[in-house]
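To find a chain, count down the sequence lines: A is the first, B the second, and so on, and within it residues start at 1. The structure displayed is predicted, hence computed values, not measured ones.
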Amino acid sequence: MITPSFLDHLNEPQQQAVMASEPALMVLAGAGSGKTRVLTRRLARLLHQGEAGIGEILAVTFTNKAALEMRERVAALLNLDESNARRLWIGTFHGMGARLLRTHAEVLGFDANFTILDSSDQQRLIKRLSEQKEFIDPYWSPKRLASSISRWKDDGLGPDDLGQTRMKASRDLLRISEFYQSYQDELRRLNAMDFGDLLSNCLKLWDRAPEVLALYQNRFRHLLVDEYQDANKVQYDWMRRLAVGGALCVVGDDDQLIYSWRGARLDNILKFEEDFPDARVIRLEQNYRSSANILKASGGLIDHNVGRKGKTLWTTGEAGAPLEVYVAEDGEDEARHVTRQILRLVPDKGFHEMAVLVRTSSQTRLFEQAFHDQNVPYRVSGGLRFMDRAEIKDAVCYLRLAHSFRDDLAFERIINVPSRKLGPKALEEIQAAARGAGGSLLEGARLVLGQKGLGPAALVQLQKFVQLMDEAHALLEVAHPVEALDKLLEESGYREAVDLDERRNDMRENLRELRIFLSQVDDLAGFLERAALESDPPGTERRDDGVSRVVISTLHAAKGLEFPVVFLVGLEEGLLPHKMAVDEGGAAAVEEERRLTYVGMTRAKEKLFLSHARMRRMYQRLEPAIASRFLKEIPADTVKKRETVITARRGVGIPRPRRPFY
DNA sequence: GTAACTCCTATTTTT
DNA sequence: TAGGAGTTAC
């Protein structure tokens, strides 16, 4: 029996997507076509109709936020209590990978409590390693090595597979592949995995232990994948292998693929039907978000892309207001103009109903300034994330080391924070001792205490540090982790160092917030896992101070959001499409920039403002800018003719504006 | 440890 | 060209 509520308020294709029983299903869901709705209803329906038990469906997303939302919505649809909701396998690719790997770590020779390195940990490790190995090459900077290795992992390439890349000289190839290998060795020695490993090590695990793979293949009768267009090679292989024996349903939109620089492959969508010959494809083309005008404008733009499946979004809604284009003198003028428009709209619209979307985060400064000047409340979406803040990482590293003495990376980070006069020299001493004994840095530190390689003052400090770790470790056995955190921050002098500095108000605030977060969890291992995998603690994103604020966001960070009023700014050659994309990526990269523009436009529900400037500060130099090619690709009849001609400011050689082409 | 200096880089950033 | 990171000198 079908409970009708699963199909309530769904259109025909949406209903089909919820009900479809094919072993492979691809839902091509256009922007604003009710994708999340379909996904959650489908999941709820499968459970409700008994097609799968609560632990037999695996749903993967790309962000923790999306996973959380899906879990909540499914739980609400089915009236699940908390313990049942928790049994749902809903999470990110990386979260699921970590879960699997912790369960079967020993197969790959890791401890179950391996540490997860974030990008900055990874970079620090690579830097240290390249210094150690005297791998010095102006081209292969640690930064480039780190990002290349990440990318190779995304593409499913190990140290021995670099021949498949477009690495130029074979001399490089050998050196780099050796370095890559030594990085992997080092990770193993540290009992650590980086983000890429969380996925690729799953594939290794399944190769090595087919019975483990079979276990999960049998368990999961249904596999659901959200934002499928953003899957990279490893993620694709991961889900494909897991889906054997069960049904696979992917939901995505080729027009919203904006992460190819992280390995996402358009091919996954274009070739789905080849890879799964019996696949059914359902298109969701009715848009419930934007006005007809906005839909026509964005559709006209995206039509210029060649590599796409092709969809035509439609709506029964009204035409709505035409798009407005503003030609600004420069970036400051553009920001002032946006501010004026916002203030003009504000009696009708709340600030929170409006958003400014930018290509690069450096553009946000201009708008922050203008908003500040006119007292427009705003919020910058993205920016520095909670878990990436120095004081939070420090605190987490104290906990990490107390939790696992083997965590050398945590040791390195905090051994001299706050300053204990244990600088590079002391660290070297400790490292040598650790290497000699084949142990961790903390063990090395214990050994150093019995030698006389360090001065007496340093030894006292080191002794205190080691003792603090031992005590905190013991405390973790018997008390709540929050008590250990308090002890660590107090007795290490960290708290004092922060308190002494008058300017550190935000630091204190952040540490307090971390403490609140920690007090709500019941096991430290789970907390550390989340700290590694989630860049914001739960609640941070949705925390609402009750103030209505304009959102300033990069285009990337805006995917999945919607606003009644959207300002899409900086539509200039070099910025959108971005110069680097045009120079390096060629036609494919321009298509991605076009998709990015499309994503921005389709965020708007009622009113879409576009703008570009005639002069733009680039690398701190004011340069003439020309209107983006994308503007010409937007159907002219969706755009309001400009009423006023902007006169050039006197002098300074600004070219007179040409007659606009729209 | 800190200040002064030099060098370098300058897109997006789910995990 | 500015701002940050890293280095050197005191």
Nearest-nucleotide wise, let me know which of A:Glu592 and A:Leu198 is further upstream toward the 5' end of DNA chain B.
A:Glu592
Report the residue (A:Ala532 or A:Asn416) whose heavy-atom-nearest nucleotide on DNA chain B is the more 5′ of the two.
A:Asn416
Between [X] ([atom1]) and [N] ([atom2]), how many Å, whole number?
{"X": "A:Glu529", "N": "B:dT15", "atom1": "CD", "atom2": "C1'", "value": "12 Å"}
{"X": "A:Met580", "N": "B:dT11", "atom1": "CE", "atom2": "C1'", "value": "7 Å"}
{"X": "A:Leu257", "N": "B:dT14", "atom1": "CG", "atom2": "C1'", "value": "13 Å"}
{"X": "A:Arg616", "N": "B:dT11", "atom1": "CZ", "atom2": "P", "value": "13 Å"}
{"X": "A:His94", "N": "B:dT13", "atom1": "NE2", "atom2": "P", "value": "17 Å"}
{"X": "A:Met618", "N": "C:dA2", "atom1": "CE", "atom2": "C1'", "value": "16 Å"}
{"X": "A:Arg144", "N": "B:dT11", "atom1": "CZ", "atom2": "P", "value": "14 Å"}
{"X": "A:Asp230", "N": "B:dT12", "atom1": "CG", "atom2": "P", "value": "17 Å"}

Using the side chain to side chain contact (heavy atoms under 4.5 Å, CB included) rule, take A:Tyr236 and A:Val250 through it: C-alpha gap first, then chi angles, then the decisive distance, then the call.
CA-CA 11 Å; A:Tyr236 181 78; A:Val250 303; over 6 Å; no
Are [X] and [N] close enough that a side-chain N or O sits under 4.0 Å from OP1 or OP2?
{"X": "A:Asn64", "N": "B:dT14", "answer": "no"}
{"X": "A:Thr554", "N": "B:dT13", "answer": "yes"}
{"X": "A:Ser119", "N": "B:dT13", "answer": "no"}
{"X": "A:Lys143", "N": "B:dA10", "answer": "yes"}

Say you pick atom P in C:dG4 and the same atom in B:dT11; how far apart are they, in whole Å?
15 Å
Separation between the P atoms of B:dT12 and C:dA5, rounded to whole Å:
15 Å
Is there a donor and acceptor pair, one atom on the side chain of A:Arg262 and one on the base of B:dT12, closer than 3.5 Å?
no
Check this for me, if you would: do A:Arg124 and A:Glu412 make a salt bridge, where the nitrogen-to-carboxylate-oxygen distance has to be below 4.0 angstrom?
no
Give the ring-plane orientation class for A:Phe609 versus A:Phe567, where under 30° counts as parallel, over 60° as perpendicular and anything between as tilted.
parallel
With A:Ile116, the side-chain contact (heavy atoms from CB on, under 4.5 Å) member among A:Glu529, A:Met193, A:His94:
A:Glu529
Does the separation of the ring centres of A:Tyr216 and A:His104 fall below 6.0 angstrom?
yes
Please confirm whether A:Phe62 and A:Tyr259 have ring centers closer than 6.0 angstrom.
no
Have a look at A:Tyr259 and say if it touches a base, only the backbone sugar-phosphate, or nothing, with a 4.0 Å heavy-atom cut-off.
base
Heavy atoms only, 4.0 Å cut-off, all strands: where does A:Asp118 land among base, sugar-phosphate and nothing?
nothing
Return the nearest nucleotide to the side chain of A:Arg359; candidates are C:dG6, B:dT15, B:dT12.
B:dT12
Kindly state whether the pair A:Trp261 / B:dT12 counts as stacked, where counting means centroids closer than 5.5 Å and planes tilted less than 30° apart.
yes
